[in-house]
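Comments concern the structure below.
Along the sequence shown, the residues carry numbers beginning at 1.
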Amino acid sequence: RCPDGKFETEMSLRPLLEIATANERIGALSAAIGAGEGTVEAYASAALRPYLLAALIDHPDGPGSRPVLIVTADDRSARDLTGDLRAYLQPRSVHLYPSRGTTYESHIAPPPHLAGLRIAALRALAESEPIVVASAIALAEAVPDKSLWPEGLALHKGESVDLTDVAVLLADAGYERVDQVEERGQFAIRGGILDVYPATEERAVRVELFGDEIESLRWFSIFTQRSLGDAEQVELAPAAELAAEHREAAEQIVERYRAPLDLVPEAALVAITASEEIPGALRDHWEDVTTAMHADDARRFYVDPAEPLEAGAELALSAADAGQELSFRAQSADFPSRTLAEAEGELEKLVRSGYRTVVAFEGRGEAERARFNLSRIDVPFLSDRLPEEPGVSFAVASLREGFLAPELKLAVIPQRRLLHRRRAATQVSARARLAAAIELRVGDLVVHEDHGVARFSGFDTRTLAGTTRDY
């Protein structure tokens, strides 16, 4: 981690978008979208889609300051696409708009992190140059009107606050007061110390006061309580989808729920990815909903976004290569190398073939170790300037999918796709297995090799097929 407590600083892969900017066919696609003459249909290999979408957003003839809404079929694909777009477009913010995680008919509030992400994404659409990735399932769930949303809050080092007032504001925002924070959406107060686990963060923050002044803000681990670094300010997103005064009467204010697409500005650029998958995903979702509640009741809480999406989309990227006029192909970045020496050989092949190659590592330390152990090629870290000649660069970026694009002579490879390390098999002796079984107590959680997770209820001696043994 960095000294400021944030996760290790990532390098933007944005310089690589210059290669797409110089490509005539990507330029033609951008121009066709900008012409505003209906939906532009194109094919893009799954591995290339994040890079292509990032290139279109960043293109000189692209959307500029217009809001951008990208729609995928489900939450998983939306989450994966959001992560990859962030790697290519840093420092621009890319917001994820997931589904609630719970159905309205269950009468269970969505988890704090999902509620926070949803409100943050919808609010971002009203800001300058927002990019939001949403699943079609999320767009099928009606949302409360803006007037019903809770407010988040921000804490700044050096400002004066009243902990009692902060506790009230956190409760209004959907946070739960506990003795010790363990999950997102919780806070605890002990004397002049406030611990809070922000709804959309991956770690908790400790706020220490000297009198009424915030003396320090420190990220910390909820497991070890160890400090993970300092912060100058912390944004606390709402942990509920309704403000406190409306939570008990959620079903009585359903007439103030709206379709999420109604909150998208008219000027927004709407792009659909894997467009063939969306009708099926929406159909399955509706069947699941109407299994639990009557269709007439379901229509109060759910909407069909298919028609508005089809009418408003300016770009539809197909998952099927059906001879579209504009097609963009790339191979998935997967290599068979098991050792660093084998991986080095694969990288050398790409360079000899004229590829500008970037390997993305999760952490800088791992990248440094790989650089040190390479024997034949010297690898720099990716800078703000695009490499002019074929070669290999390392970057620190969270990237799920990579690609090899022959037309662009560009290869972007997540480290785990380049190097598949063998895991040493661990042999457990019969004596150790017996000792483990003897130590079991009734009620212990176990993993059964056939039936999965279970609760141990004891041994039973049985005779089966003439053989008596313990089970």
Side-chain angles (χ1 to χ4, degrees), residues 10-13 15-17 19-20 23 26 42-55 72-74 76-88 133 273-274 276-277 317-321 327-367 369-371 373-377 379 381-382 387 390-425:
E10 295 189 356
M11 301 174 181
S12 177
L13 301 179
L16 303 181
L17 301 181
I19 297 175
N23 183 270
I26 293 178
Y43 166 75
S45 301
L48 188 62
R49 276 180 220 146
Y51 176 81
L52 179 61
L53 287 166
T72 70
D74 54 39
R76 181 176 180 176
S77 56
R79 183 181 64 248
D80 293 346
L81 179 57
T82 300
D84 284 358
L85 285 176
R86 285 172 178 162
Y88 288 115
V133 181
T273 67
E276 297 86 354
E277 298 174 5
L317 289 180
S318 173
D321 191 353
S327 296
F328 302 89
R329 299 176 178 84
Q331 302 168 243
S332 179
D334 256 321
F335 296 85
S337 42
R338 295 282 184 177
T339 66
L340 191 60
E342 292 176 2
E344 188 172 17
E346 297 290 346
L347 295 175
E348 287 178 316
K349 290 177 187 177
L350 289 171
V351 175
R352 286 196 297 269
S353 298
Y355 280 80
R356 281 178 275 193
T357 304
V358 175
V359 182
F361 289 81
E362 292 288 337
R364 189 178 182 95
E366 196 170 10
R369 286 192 295 273
R371 289 181 69 203
N373 289 301
L374 290 174
S375 60
R376 298 187 298 275
I377 55 177
V379 181
F381 277 100
L382 184 67
V392 180
S393 301
F394 283 174
V396 180
S398 297
L399 197 64
R400 183 176 180 82
E401 296 293 337
F403 63 87
L404 275 67
E407 180 182 350
L408 302 174
K409 286 297 181 183
L410 175 64
V412 181
I413 311 166
Q415 182 264 348
R416 65 180 180 279
R417 302 281 190 181
L418 175 65
L419 185 58
H420 304 270
R421 298 187 185 278
R422 293 186 180 90
R423 291 186 178 179

> With distance as the sole criterion, is a donor-acceptor pair present between the side chains of Asp80 and Ser77 under 3.5 Å?
Replying inline: no

> Would you say the side chain of Asp84 lies within less than 4.5 Å of the side chain of Glu401, judging by non-hydrogen atoms?
Replying inline: yes

> Minimum heavy-atom separation for Leu382 to Ala395, with atom names?
Replying inline: CB-CB, 4.2 Å

>> Is there a side-chain contact (heavy atoms from CB on, under 4.5 Å) between Val379 and Val359? Walk through the geometry before answering.
In response: CA-CA 10 Å; Val379 181; Val359 182; over 6 Å; no

> Is the shortest heavy-atom distance from the side chain of Leu17 to the side chain of Tyr51 under 4.5 Å?
Replying inline: yes

>> To check you understand the geometry: which heavy-atom pair defines the closest contact between Leu374 and Phe394, and what is its length?
In response: CD1-CZ, 3.9 Å

> Is there a side-chain contact between Lys409 and Pro390, using heavy atoms and a 4.5 Å cut-off?
Replying inline: no

>> Within 45 degrees of the ring normal and closer than 6.0 Å to the centroid, is that where the cationic atom of Arg364 sits relative to Phe381?
In response: yes

>> To the nearest 0.5 Å, what is the distance between CZ on Phe328 and CG on Leu52?
In response: 6.0 Å

> Taking all atoms of both residues into account, what is the closest heavy-atom pair of Leu410 and Arg356, and its distance?
Replying inline: CD1-O, 3.3 Å

> Checking side-chain contact (heavy atoms from CB on, under 4.5 Å) for the pair Arg86/Ser398: CA distance, chi angles, key distance, verdict?
Replying inline: CA-CA 9 Å; Arg86 285 172 178 162; Ser398 297; over 6 Å; no

> How long is the gap from CZ on Arg352 to CG on Leu347, to the nearest 0.5 Å?
Replying inline: 10.5 Å

>> Side chains of Leu53 and Leu81, heavy atoms from C-beta outward: is any pair under 4.5 Å?
In response: yes

>> Within this structure, what is the CG-CD distance for the pair Leu419 and Glu346, rounded to the nearest 0.5 Å?
In response: 11.0 Å

